[in-house]
Amino acid sequence: MKTVKILSLCLAAMFGLYSCGSDDKDEKKEEKNKVYLVKSLTISEDGDYVKYTFTYENNKIVKWTGVDSDGETDGGTFSYPSAISVNYKGFDGEEEVITLDATENVISKQEGMYSDGEQYKGTYSFVDGYLSKISWNENGSIVYAWSNGNLTTIKDTYIYDDGKEEETSTIAYSDIENKTNIDFCLWLDDAEPIYTIQFMKNVSKNIPSSVKYGTGALSIISTTLDEKGRPSKMVYDGCTYTFEYYD
């Protein structure tokens with residue numbers, strides 16, 4: 001009986017250790033695969049700044065605000081009346097309806113009206129969950145190309161009454177994994193909450209290291225990571241981008 005009890009205790013201890021080891025592995029795997037939502041993005045240059053703050057409910061963005069160094073504010077709210085429809089209302093009076101693709105759960109159409117009454121419409125295309133093109137009324141389009149899970153080129157076409165203008169941006173990447181819900185190259189020049197992950201199935205899997213616009217000079221991106229491997233600061237083209245996250 002004593003031998004059986006000792007054996008039982010040994011087995012219990014062994015299973016306990018195995019269970020703890022499995023739990024640790026599961027926790028590490030979950031932490032590795034976790035996608036962090038950006039809480040705020042501050043863009044500063046030569047003493048001026050603008051800070052964008054993002055609020056989520058059930059991993060969906062419901063509000064964004066922007067405050068600059070002069071105290072001016074901007075922002076808007078998102079509501080979700082159905083599984084394929086998102087309404088946006090800007091603090092400045094802008095209104096927008098975002099239509100999602102029912103099968104892919106990505107944005108397919110964006111229709112709105114600026115506060116001055118001007119209307120706009122954007123149509124989105126995806127290939128295998130990757131954003132491939134945005135067409136803006138008769139005003140032009142943006143074509144996106146991807147390689148190995150990263151956005152590598154962006155071709156902008158602007159159409160004017162007297163012709164059109166085109167510019168292609170090329171992007172290189174570091175080996176740093178992108179653990180966030182945003183595609184940094186879609187945000188570096190214009191913080192745009194429309195590009196959060198609930199409207200795009202895939203974002204670039206790595207952190208960019210440089211961007212080159214057309215025939216312009218190569219712009220190096222310097223990135224500082226926090227203790228969880230997320231960008232806490234990016235320096236690019238004279239601007240400093242500082243990030244905060246929801247843990």
Side-chain angles (χ1 to χ4, degrees), residues 34-100 105-107 109-122 124 131 134 136 142 178-200 203-204 207-208 221 223-226 228 230-247:
K34 184 174 181 178
V35 174
Y36 293 94
L37 301 179
V38 174
K39 181 178 182 179
S40 72
L41 165 59
T42 302
I43 305 173
S44 57
E45 181 180 18
D46 298 330
D48 295 323
Y49 71 86
V50 58
K51 181 176 182 178
Y52 299 93
T53 302
F54 306 96
T55 304
Y56 304 83
E57 290 181 5
N58 298 319
N59 291 331
K60 293 181 178 181
I61 188 169
V62 293
K63 182 180 179 181
W64 76 276
T65 57
V67 181
D68 66 19
S69 49
D70 294 326
E72 295 185 8
T73 61
D74 194 6
T77 59
F78 294 85
S79 60
Y80 299 80
S82 74
I84 61 170
S85 183
V86 183
N87 292 334
Y88 172 74
K89 289 187 176 181
F91 298 159
D92 61 355
E94 179 185 358
E95 293 188 1
E96 182 174 285
V97 175
I98 300 165
T99 303
L100 304 179
N105 196 33
V106 294
I107 180 172
K109 190 166 52 177
Q110 179 183 4
E111 298 176 277
M113 182 172 66
Y114 294 115
S115 55
D116 61 3
E118 181 184 355
Q119 294 184 335
Y120 60 89
K121 179 180 178 180
Y124 291 69
L131 179 64
I134 306 176
W136 293 104
I142 310 173
N178 181 12
K179 298 181 178 182
T180 77
N181 67 316
I182 69 173
D183 196 297
F184 288 94
C185 281
L186 295 175
W187 280 43
L188 281 175
D189 284 320
D190 184 17
E192 181 61 80
I194 194 67
Y195 292 120
T196 50
I197 199 169
Q198 66 262 25
F199 302 136
M200 289 180 59
V203 297
S204 294
I207 302 299
I221 301 171
T223 302
T224 302
L225 303 178
D226 66 11
K228 294 185 177 180
R230 309 166 298 190
S232 59
K233 183 173 74 172
M234 301 177 79
V235 179
Y236 159 75
D237 201 24
C239 293
T240 299
Y241 298 74
T242 306
F243 298 88
E244 293 181 310
Y245 300 90
Y246 290 97
D247 291 329

Could you tell me whether the side chain of [Y] reaches within less than 4.5 Å of the side chain of [X], counting heavy atoms only?
{"X": "I98", "Y": "F78", "value": "yes"}
{"X": "Y49", "Y": "T242", "value": "no"}
{"X": "Y36", "Y": "D226", "value": "no"}
{"X": "T180", "Y": "Y245", "value": "yes"}
{"X": "T73", "Y": "T65", "value": "no"}
{"X": "E244", "Y": "F54", "value": "no"}
{"X": "Q110", "Y": "Y88", "value": "no"}

Please give me the minimum heavy-atom distance between [X] and [Y], naming the atom from each residue.
{"X": "C239", "Y": "Y241", "result": "CB-CE1, 3.6 Å"}
{"X": "L225", "Y": "P231", "result": "CD2-N, 3.7 Å"}
{"X": "I207", "Y": "T223", "result": "CG2-OG1, 3.7 Å"}
{"X": "V38", "Y": "Y56", "result": "O-OH, 3.0 Å"}
{"X": "G238", "Y": "E45", "result": "O-CG, 3.5 Å"}
{"X": "S85", "Y": "V97", "result": "OG-CG1, 4.2 Å"}

Measure the spacing between [atom1] of [X] and [atom2] of [Y] and express it to the nearest 0.5 Å.
{"X": "Y124", "Y": "I142", "atom1": "OH", "atom2": "CD1", "answer": "8.0 Å"}
{"X": "I134", "Y": "K109", "atom1": "CD1", "atom2": "NZ", "answer": "15.5 Å"}
{"X": "K63", "Y": "T55", "atom1": "NZ", "atom2": "OG1", "answer": "6.0 Å"}
{"X": "S40", "Y": "Y52", "atom1": "OG", "atom2": "OH", "answer": "12.5 Å"}
{"X": "D48", "Y": "D68", "atom1": "CG", "atom2": "CG", "answer": "8.0 Å"}
{"X": "M113", "Y": "Q119", "atom1": "CE", "atom2": "CD", "answer": "6.5 Å"}

Exercise. State whether a side-chain donor-acceptor pair under 3.5 Å links E96 with Y120.
Key: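 Judged by distance alone, the side chains do pair up.
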Side-chain donor/acceptor of [X] to backbone N/O of [Y], under 3.5 Å:
{"X": "D74", "Y": "G66", "value": "no"}
{"X": "N87", "Y": "S79", "value": "no"}
{"X": "N58", "Y": "K60", "value": "no"}
{"X": "S232", "Y": "T224", "value": "yes"}

Quiz item: More than 12 foreign heavy atoms under 6.0 Å from CG of D70: is that the case here?
Solution: yes
Exercise. Verify whether the ring centers belonging to Y236 and F184 lie closer than 6.0 Å.
Key: no
Quiz item: Is the closest basic N to carboxylate O distance between D247 and R230 below 4.0 Å?
Solution: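 Here D247 pairs with R230 in a salt bridge, since their nearest N and O are under 4.0 Å apart.
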Exercise. With sequence neighbours left out, write down each residue that passes ring pair (Phe, Tyr, Trp, His ring centres under 6.0 Å) with Y80, or none if nothing qualifies.
Key: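 If we apply the ring pair (Phe, Tyr, Trp, His ring centres under 6.0 Å) test to Y80, skipping adjacent residues, there are no hits.
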Quiz item: Do the numbers put K39 on top of the ring of Y246, so that NZ or CZ is under 6.0 Å from the six-membered ring centre and no more than 45° off the axis?
Solution: yes
